[in-house]
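Remember, it's a predicted structure, so these values are computed and weren't measured experimentally.
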Amino acid sequence: MAKVTSEALGTKSISKLLVQQAIPASVGILVMSLNILVDSIFVGKWVGALAIAAINVVLPISFFIAAIGMAIGIGGSSVLSRALGAGNREKALKVFGNQLALTIIITLTLISVGLIFVNDLVYIFGGKGDLFQMAKDYYIIVLYGVPILAMSMMGNTVIRAEGKPKFAMIAMIIPSVTNLFLDYLFINVFEWGMIGAGWATTLSYISCFLFIVYFFIFHSELKLRPLDLKLEKSIVSEISSLGSITLARQAVISVVYLLLNNIMIDLEGEWAVTSYAIVSRLLMFALFPIIGVTQGFLPIAGYNYGAKKFERVREVINTSIISSIILGVLIFSILWFLSEEITLLFLNSGSESSEAERLINRKVLKETPLAIVMVFALTPLVAIQTIGSAYFQAIGKTIPALLLTLTKQAFFLIPLLLILPKYFGIFGVWIAFPISDILSILVTGFYLNKEIQTKLKIAS
């Protein structure tokens with residue numbers, strides 16, 4: 001693999017850089033999200049539709065703890081990218097060391113709390129009735145691997161900040177392939193059910209972590225010294241202020257999961273949680289090209305802003321949005337035409353299914369295709385919101401980045417979910433998604449355009 005240096009972020013053409021950064025990020029996210037998707041398909045086929053709902057109960061809890069690592073990684077990597085752009089390698093090392101120390105301390109604390117209050121957390125997040133024991137079995141096993149996942153997610157963002165997206169891609173592919181193989185082995189061959197799914201997930205996290213350790217030992221420009229692990233107040237403050245953006249986003253997503261799991265089970269029962277679980281898996285999977293472009297955008301924008309190459313910042317904003325809009329049209333078209341076929345992938349249609357399971361499957365199949373179309377209706381324009389909020393994060397403007405990141409989920413979606421289902425039932429749940437999308441796109445587009453027309457125009 002050819003050596004890539006961080007300086008290339010400030011010299012190569014923007015279009016080539018975006019392709020170089022976004023494609024590996026997209027492939028990595030594709031494989032990771034495909035892993036989550038296929039994992040749910042395997043569980044649905046071999047354990048049952050309610051098992052998908054049980055995993056959906058657990059995901060927001062474990063993902064929130066793992067998101068600590070992502071938040072520290074993305075927040076610190078914004079500082080790290082600008083330090084590399086300014087030629088300050090000493091600060092970059094200290095930032096990375098502080099990222100690692102913070103991730104270990106915080107995630108180990110949270111996992112302890114998560115295990116102590118396991119029954120309460122599973123119930124609060126929608127693990128009620130027949131879902132409780134399945135969700136608890138999966139939750140306990142997966143939670144043991146969450147600190148490893150958090151460190152892997154933190155390390156992956158640092159790899160990308162160094163300008164080495166191919167290694168970041170491989171780091172995401174390894175656990176995905178491992179998880180799928182172990183899913184087949186533990187669930188289908190050994191017939192371990194939810195426990196097998198949990199162990200497959202946890203062992204896949206470990207495989208990712210081992211590769212990331214290998215990268216930092218043999219391929220990284222950042223060679224950590226023990227002194228770099230000592231927490232410094234100014235660096236922790238920078239990491240925390242920017243990392244809070246990602247953490248707030250994940251916290252809000254966890255609240256959405258909690259809210260929707262409970263709304264669905266109160267409105268229609270366990271089958272409705274399964275329907276939402278399928279939609280949520282597609283939200284993780286189908287948007288991978290747009291997320292990949294956003295991930296590729298971050299280090300380019302951050303580096304060039306740090307190097308005061310503002311014209312290149314403007315160019316990467318425009319290129320990223322246009323590319324993502326084209327991809328969004330393609331994504332929505334596929335989902336529109338194949339919504340029913342996609343839903344069927346998750347359901348066990350075998351003759352060995354019980355009558356109760358066949359009834360659940362029929363209800364899920366009736367509801368989910370319409371839900372898919374409605375939830376993804378604004379996908380062609382969602383890049384304006386994702387790139388807009390990512391821009392402010394990349395350049396270190398914490399408050400605008402935080403507020404714009406939270407516009408869809410916190411300011412619009414959650415209030416709509418609290419109001420619309422009371423009047424429109426489950427239809428109110430699905431219509432809340434495109435309404436919150438259009439409102440957040442309008443708000444973010446306004447502030448991004450204002451920034452381009454003032455700050456970047458003057459600076460260039």
* Supply the atom-to-atom distance Thr294 OG1 to Leu287 CG, rounded to the nearest 0.5 angstrom. => 9.5 Å

* **Min side-chain heavy-atom separation Ile360-Glu270 under 4.5 Å** => no

* Asked: Looking at side-chain heavy atoms only, is the closest gap between Val443 and Leu403 below 4.5 Å?
  -> no

* To do: Return each pair, listed once, that meets side chain to side chain donor-acceptor pair (under 3.5 Å) where at least one residue sits in residues 415-434; pairs must be two or more places apart or across chains.
  => Glu367-Trp430

* **ring pair (Phe, Tyr, Trp, His ring centres under 6.0 Å) partners of Phe297, counting only residues at least two apart** => none

* Examine the side chains of Thr407 and Gln385 and answer whether a donor and an acceptor come within less than 3.5 Å of each other. => yes

* Structure fact -> dist Ile278:CD1 -> Leu347:CG (nearest 0.5 Å) comes out at 5.5 Å

* **Phe96 and Phe216 aromatic centres sub-6.0 Å** => yes

* To do: Sort and list the pairs that fulfil side chain to side chain donor-acceptor pair (under 3.5 Å) and have at least one residue in residues 320-340, not counting sequence neighbours.
  => none

* Structure fact -> In this structure, CD1 of Ile372 is separated from CD1 of Ile334 (nearest 0.5 Å) by 13.0 Å

* With sequence neighbours left out, what residues match Ser77 under side chain to side chain donor-acceptor pair (under 3.5 Å)? -> Thr157

* Do the non-hydrogen side-chain atoms of Thr201 and Tyr138 ever get within less than 4.5 Å of each other? -> yes

* Contact list for residues 245-280, test ring-ring contact (aromatic ring centres under 6.0 Å, His included), sequence neighbours left out -> Tyr257-Tyr276

* With sequence neighbours excluded, what pairs up with Ala54 under the side-chain contact (heavy atoms from CB on, under 4.5 Å) test? -> Met134, Ala135, Met194

* To do: Quick one: pull up CD1 in Ile321 and CD1 in Ile290 and give me the separation to the nearest 0.5 Å.
  => 11.5 Å

* To do: Would you mind listing every side chain to side chain donor-acceptor pair (under 3.5 Å) that reaches into residues 103-124, with sequence neighbours excluded?
  => Asn119-Lys136

* **Pairs involving residues 180-200, ordered by first then second residue, that meet side chain to side chain donor-acceptor pair (under 3.5 Å) (sequence neighbours left out)** => none

* Can you name the side chain to side chain donor-acceptor pair (under 3.5 Å) partners of Ser436, sequence neighbours left out? -> none

* Structure fact -> Phe215 meets the ring pair (Phe, Tyr, Trp, His ring centres under 6.0 Å) criterion, sequence neighbours left out, with Phe167

* **Pair Lys128-Asn262, side-chain donor/acceptor within less than 3.5 Å** => yes

* **CZ/Phe411: more than 12 non-hydrogen atoms of other groups inside 6.0 Å** => yes

* Taking the inter-plane angle between the rings of Phe424 and Phe427 on a 0 to 90° scale, is it parallel (under 30°), tilted (30 to 60°) or perpendicular (over 60°)? -> perpendicular

* So, Thr368 versus Ser275: side-chain donor-acceptor pair below 3.5 Å or not? -> yes

* Asked: Can you check whether Thr379 reaches Val329 side chain to side chain, under 4.5 Å on heavy atoms?
  -> no

* Return the set of residues passing side-chain contact (heavy atoms from CB on, under 4.5 Å) with Leu149 (not counting sequence neighbours), or none when no residue passes. => Ala66, Met153, Tyr205

* Listed once per pair and sorted, the ring-ring contact (aromatic ring centres under 6.0 Å, His included) pairs that draw on residues 358-382, sequence neighbours left out -> none

